[in-house]
Amino acid sequence: MKNFLENYDLLFAMTILTAIAILIKCICAIVYQVLLRDAEQIGSTKNKWMRAMHTKFEACYKLRLPIHNPSCFVKHYMEQYHFMGFSLKTLENTDIFCGLIVAGGTLLGIMCGTYYELPSRWIFIHSMTLAFFLLFLVISEIIFQVRHKRNFLHIRLVNYFENTLQGKLEKQYLHPEENKAYQNSYFEKEEDGTKTEEAKETEEEGDTDDSFDDITIEQEEAYASTISPDMQELIDSLLEESKINKELDKKKDKLKAAVTNEKYRLVEEIMKEYL
């Protein structure tokens, strides 16, 4: 034991342990960064863990079992996340475990060194090394910000499940009748407005046609005796052409109305399918 302490083997072991702890912190930071990137697009992510969480959340609402606390749901799934067979929560606390082991081992070594009457220089080196190791562990947490990234990931997941997905699933599976009634009332208002505009246009066109017919009849009666047969035939042909043009305009208006109604019907089907 004395040779182990005199050769600074304890110091070497503590150095390796601290380096491993810092490396694990770095790996945790990378994992959390990847999860944060995937959390920005949960609906289309390829991350199996997030897809499983999304599927489980949606399945609960399909079974009409609403989730009243999405924060606990997300927290439960985050605690189940494992990397290389270890819980990510355990890996991110490696600095705490390493700090306790390094502090306990170094203090025990200093006590043994005092017992074996090792020089004070040896005790001073181990004491300063312990302080540096603990300082490095604190700096690694400040640089990698593992716990901050974990909290930010939790907030981002809760925001998606609580403010985006939950409301959509409640309308789709818990209150389908209310959602359908709202859609129907919305489209009925749109169709009523369209029909009212079309009726107004038709009335205006009818009034114009009647006035035009009255004028033409009066003109025919006034000038029937003075117009030659050729001129009368030309006027009749022009009147017939104007009537044909009016009929074509009416057919065009009816076609436009039919196209508009078909568009509303397609929009209603799309909303029923995706909402």
Can you list, pair by pair, the side-chain donor-acceptor contacts under 3.5 Å of residues 106-123, counting residues two or more places apart and other chains?
residue : atom : partner : partner atom : Å
Thr106  : OG1  : Val102  : O            : 2.7
Thr114  : OG1  : Ile110  : O            : 2.8
Trp122  : NE1  : Leu5    : O            : 2.7

If hydrophobic residues (ILVMFWY) are linked whenever their side-chain heavy atoms come closer than 4.5 Å, directly or via other members, who joins Phe97 in its cluster? none

Let me confirm one number: the CD-CE distance from Gln80 to Met53, rounded to the nearest 0.5 Å. 9.5 Å

Quick check for you: to the nearest 0.5 Å, what is the distance between Lys75 atom NZ and Leu157 atom CG? 14.0 Å

Under 4.5 Å between any side-chain heavy atoms of His154 and Arg150, yes or no? no

Please tabulate, one pair per line, all N/O donor-acceptor pairs under 3.5 Å involving side-chain atoms of residues 10-18, not counting sequence neighbours.
residue : atom : partner : partner atom : Å
Thr15   : OG1  : Leu11   : O            : 2.8
Thr18   : OG1  : Met14   : O            : 2.9

Should we count CZ of Phe124 as having more than 12 external heavy atoms under 6.0 Å? no

Determine the minimum heavy-atom distance between Phe144 and Cys26, stating which atoms define it. CZ-CB, 3.7 Å

Results of side chain to side chain contact (heavy atoms under 4.5 Å, CB included) for His82 - residues two or more places apart only: Ser87

Any chance you could measure Asn151, atom CG, to Met78, atom CE, to the nearest 0.5 Å? 8.0 Å

Quick one: are Leu134 and Val138 in side-chain contact, heavy atoms under 4.5 Å? no

Name all residues meeting the ring-ring contact (aromatic ring centres under 6.0 Å, His included) criterion together with Tyr77; count only those two or more places apart in sequence or in a different chain, and write none if there are none. Phe73

Validation row: Glu162, Ser71 side chains within 4.5 angstrom (heavy atoms): no

Same cluster (ILVMFWY, side-chain, under 4.5 Å), Ile155 and Leu153: no

Shared ILVMFWY cluster between Phe86 and Ile27, side chains joined below 4.5 angstrom? yes

Test your reading of the model: is there a side-chain donor-acceptor pair from Thr45 to the backbone of Ile42, 3.5 Å cut-off? no

With sequence neighbours excluded, tell me which residues meet ring-ring contact (aromatic ring centres under 6.0 Å, His included) with Phe132. none

Please report the shortest heavy-atom distance between Pro70 and Val158, naming the atom on each side. O-CG2, 4.4 Å

Quick test of your reading: applying salt bridge (Lys or Arg N to Asp or Glu O under 4.0 Å), list the pairs with at least one residue in residues 124-145, sequence neighbours left out, ordered by first then second residue. Lys25-Glu141, Glu141-Arg147

Give me the atom names and distance for the closest heavy-atom approach of Leu137 to Ala21. CD2-CB, 4.1 Å

How many angstroms lie between atom CD of Gln33 and atom CD of Gln145, to the nearest 0.5 angstrom? 10.0 Å

With sequence neighbours excluded, give me every salt bridge (Lys or Arg N to Asp or Glu O under 4.0 Å) pair touching residues 30-53. Glu40-Arg156

Is there a continuous path of hydrophobic side-chain contacts, each under 4.5 Å between heavy atoms, that joins Leu65 to Phe57? no

Linking I/L/V/M/F/W/Y whenever any side-chain heavy atoms sit under 4.5 Å apart, do Ile142 and Phe152 land together? no

Could you tell me which non-hydrogen atom of Leu35 sits nearest to which non-hydrogen atom of Met50, and how far apart they are? O-CE, 3.1 Å

Identify whether Tyr61 and Leu63 are in the same connected component of the hydrophobic contact network (ILVMFWY, side-chain heavy atoms under 4.5 Å). no

Can any side-chain N or O of Thr164 pair as donor or acceptor with the backbone N or O of Phe161 at less than 3.5 Å? no

Side-chain heavy atoms under 4.5 Å apart, restricted to Ile/Leu/Val/Met/Phe/Trp/Tyr: what other residues fall into the cluster of Leu100, or is it alone? Ile96

Which heavy atom of Leu130 sits nearest to which heavy atom of Ala103, and what is that distance? CD1-CA, 3.4 Å

Using salt bridge (Lys or Arg N to Asp or Glu O under 4.0 Å) as the criterion, list what pairs up with Lys89, not counting sequence neighbours. Glu92

What's the separation between atom CD1 in Ile67 and atom SG in Cys72, rounded to the nearest 0.5 Å? 10.5 Å

Enumerate the residue pairs fulfilling salt bridge (Lys or Arg N to Asp or Glu O under 4.0 Å) with a member in residues 130-139, sequence neighbours excluded, ordered by first and then second residue. none

Within this structure, what is the OH-OH distance for the pair Tyr81 and Tyr32, rounded to the nearest 0.5 Å? 9.5 Å

Nearest heavy-atom neighbours spanning Val31 and Leu88: CG1-CD2, 3.9 Å

Can you list everything that forms a ring-ring contact (aromatic ring centres under 6.0 Å, His included) with His54? Sequence neighbours excluded, please. none

